[in-house]
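Heads up, the thing below is written out as structure tokens.
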Amino acid sequence: MNRKLLFFAFVYTIVLVIVAQVVISRINQDMKEFTGSGNMAGIISVEMNEVENLISEGKLDEAKAKCDEVSTISQDAGGKAYNGILMIWIFVAVNVVSVILMLWYVNRRVLKPFDDMKSFANEVSKGNLDASLKMDRGNFFGDFTWAFENMRKEISKSRNAEKTAIENNKTVIATLSHDIKTPVASIRAYAEAFEANMDSTPEKRQKYLTILMEKCDEVTKLTNDLFLHSISEMNRLEVKDEAFDVIDFLRKDVRKLFVTEGEVDIILPDRDSLGEDSRLMISADPKRLLQVMENLKNNADKYAKTRIEIKLEQVTESDKSSDAQHIRIHFRDFGPGIPEEEIPFITGKFYRGKNVGDEQGSGLGLYIVKELVDKMGGRLSLINMKPGLDAVIEL
């Protein structure tokens, strides 16, 4: 039992015993005063004189009865004193036992669970997430105990997820670094071929130049991926808003991301419906928005492997103050989509869904898309269309 509770029980017992001793001493003193005073002696003297008179008159039976009565009076006085003292000690014993039982209950059901939680919290604060806390929903701290144990499990889960993310981060950097070596080696090989004058014909020269340009583009793409990975890790994605025509942006810049016309259908609003200006101006960062579209295209190429439909919508939302102008860019593929239970998590850093199969990836594509859209003051929504996934960008 807790030392403080034991000390309290000890002090309480001592106080009760002292009080009982004082009361008993008072009772004994009163009895002595009563038996030693003239009251008791006078009563007995009167009774004994009456006994003598009865004997002298020959009334022996009445004299015997009177003697018994005198004896009873004396015994009753002593018996009442004894019973009073006995009841006091019984009261003291019952009180002491009751207090001890109450303190034992408080210690077991209140103080011990509290001490367990304090020790558990100290262990967790030291980083020991393997320390478990026994859950007992029946005690007064049952709900707190349950909450603390769940907190430990969640922290442990988050710590493991963080370790996994760090390992994935290292894997991504190592993979990108390794992938860069291959095109660099090819560039060096063809540069050495130029140095050795192996481009003896215009056809070979053109072939070498084409391959060099392709390898340079490949290196550029890999370094861009590495750069985006690093800045996403540092959370330093910078956005510079400017006004530009989103129709020209989709028609020229976004279409260049696709090699053939059949890969993409770009559906734009009729320019006649836009008025005299025939432009649809938005405030955003065109370079970052192009990165968003490229990431969505790469994801679709990797996991959907279908044609892409890009549709631009102009939306007016009326409220009490003004009419808010928005545009929505629908980027839709016609693949299997994303499981509904994964959609809330799919834009998380390094998160990869269950249906990725054998496709290689870092789990950063949709994370970067959401980060960029958020920084441009927009909103990203992912909607399963059955078939396909519709990534809706609202700006």
Side-chain angles (χ1 to χ4, degrees), residues 172 175 179 217-218 221-222 224-225 228-229 232 237 246-269 280 282 284-315 326-376 378-395:
V172 169
T175 301
D179 290 345
D217 290 340
E218 189 175 340
K221 183 178 182 303
L222 290 171
N224 284 338
D225 289 343
L228 286 174
H229 177 80
S232 68
L237 293 168
V246 69
I247 293 179
D248 280 344
F249 170 78
L250 293 175
R251 177 175 290 163
K252 297 177 182 178
D253 297 332
V254 174
R255 188 175 288 278
K256 289 179 182 178
L257 299 175
F258 300 88
V259 178
T260 64
E261 293 289 335
E263 288 185 81
V264 60
D265 293 329
I266 299 180
I267 304 172
L268 301 172
L280 192 54
I282 65 170
D285 188 329
K287 293 181 180 179
R288 295 301 188 189
L289 188 56
L290 187 61
Q291 286 180 351
V292 167
M293 305 304 287
E294 186 174 6
N295 273 280
L296 291 175
K297 175 187 179 297
N298 291 338
N299 262 29
D301 289 344
K302 187 180 295 185
Y303 302 116
K305 298 180 175 63
T306 66
R307 67 182 180 86
I308 305 298
E309 180 182 279
I310 300 175
K311 183 179 180 182
L312 176 64
E313 287 183 341
Q314 183 179 13
V315 181
H326 301 277
I327 61 104
R328 289 194 188 122
I329 302 174
H330 295 262
F331 192 104
R332 180 185 175 184
D333 61 55
F334 294 86
I338 300 173
E340 289 292 337
E341 64 272 14
E342 292 186 3
I343 286 183
F345 312 103
I346 202 67
T347 55
K349 191 184 295 185
F350 303 124
Y351 187 91
R352 302 196 72 205
K354 298 177 182 178
N355 60 348
V356 296
D358 297 328
E359 296 291 344
Q360 298 297 317
S362 60
L364 282 171
L366 290 177
Y367 166 75
I368 293 174
V369 168
K370 187 176 187 304
E371 283 288 307
L372 290 173
V373 172
D374 288 346
K375 285 183 177 292
M376 287 187 285
R379 183 175 61 186
L380 172 69
S381 303
L382 300 174
I383 305 170
N384 278 316
M385 300 300 293
K386 298 180 182 179
L389 178 73
D390 189 10
V392 184
I393 302 166
E394 184 171 329
L395 297 168

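Worth knowing before you read on, the calculation uses all heavy atoms, side chains too, and leaves out hydrogens, waters and symmetry mates.
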Least distance between heavy atoms, [X] atom then [Y] atom:
X: Pro286; Y: Phe249; value: O-CE1, 3.5 Å
X: Lys305; Y: Lys302; value: NZ-O, 2.5 Å
X: Pro336; Y: Ala304; value: CD-CA, 4.4 Å

Side chain to side chain contact (heavy atoms under 4.5 Å, CB included) between Leu257 and Leu290, intermediate numbers included: CA-CA 9 Å; Leu257 299 175; Leu290 187 61; 4.0 Å; yes
Heavy-atom check, side chain of [X] versus side chain of [Y], under 4.5 Å:
X: Glu263; Y: Ile308; answer: no
X: Ile310; Y: Met293; answer: yes
X: Leu389; Y: Ile383; answer: no
X: Pro387; Y: Asp333; answer: no
X: Leu312; Y: Ile266; answer: no
X: Leu289; Y: Met376; answer: yes
X: Leu366; Y: Leu296; answer: yes
X: His326; Y: Leu395; answer: no

Atom pair [atom1]/[atom2] of [X] and [Y] - distance to nearest 0.5 Å:
X: Tyr367; Y: Thr347; atom1: OH; atom2: OG1; result: 10.0 Å
X: Leu380; Y: Leu372; atom1: CG; atom2: CG; result: 10.5 Å
X: Ile346; Y: Glu341; atom1: CD1; atom2: CD; result: 10.5 Å
X: Glu371; Y: Arg288; atom1: CD; atom2: CZ; result: 11.5 Å
X: Asn295; Y: Ile368; atom1: CG; atom2: CD1; result: 5.5 Å
X: Glu313; Y: Leu280; atom1: CD; atom2: CG; result: 11.5 Å

Verdict with reasoning, Lys297 to Asp301, per salt bridge (charged side-chain N to carboxylate O under 4.0 Å, His left out): CA-CA 6 Å; Lys297 175 187 179 297; Asp301 289 344; 2.6 Å; yes
Side chain to side chain donor-acceptor pair (under 3.5 Å) against Asp265, all qualifying residues, sequence neighbours excluded: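 Asp265 satisfies side chain to side chain donor-acceptor pair (under 3.5 Å) with Arg307 only.
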Under the salt bridge (Lys or Arg N to Asp or Glu O under 4.0 Å) test, residues paired with Asp374 that sit two or more places apart: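 Partners of Asp374 under the salt bridge (Lys or Arg N to Asp or Glu O under 4.0 Å) test: Lys370.
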Salt bridge (Lys or Arg N to Asp or Glu O under 4.0 Å) involving Glu309 - partner list, sequence neighbours excluded: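 Residues passing salt bridge (Lys or Arg N to Asp or Glu O under 4.0 Å) with Glu309: none at all.
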Expected output: side-chain Asn384 to main-chain Ile338 donor-acceptor under 3.5 Å: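 At least one qualifying donor-acceptor pair exists.
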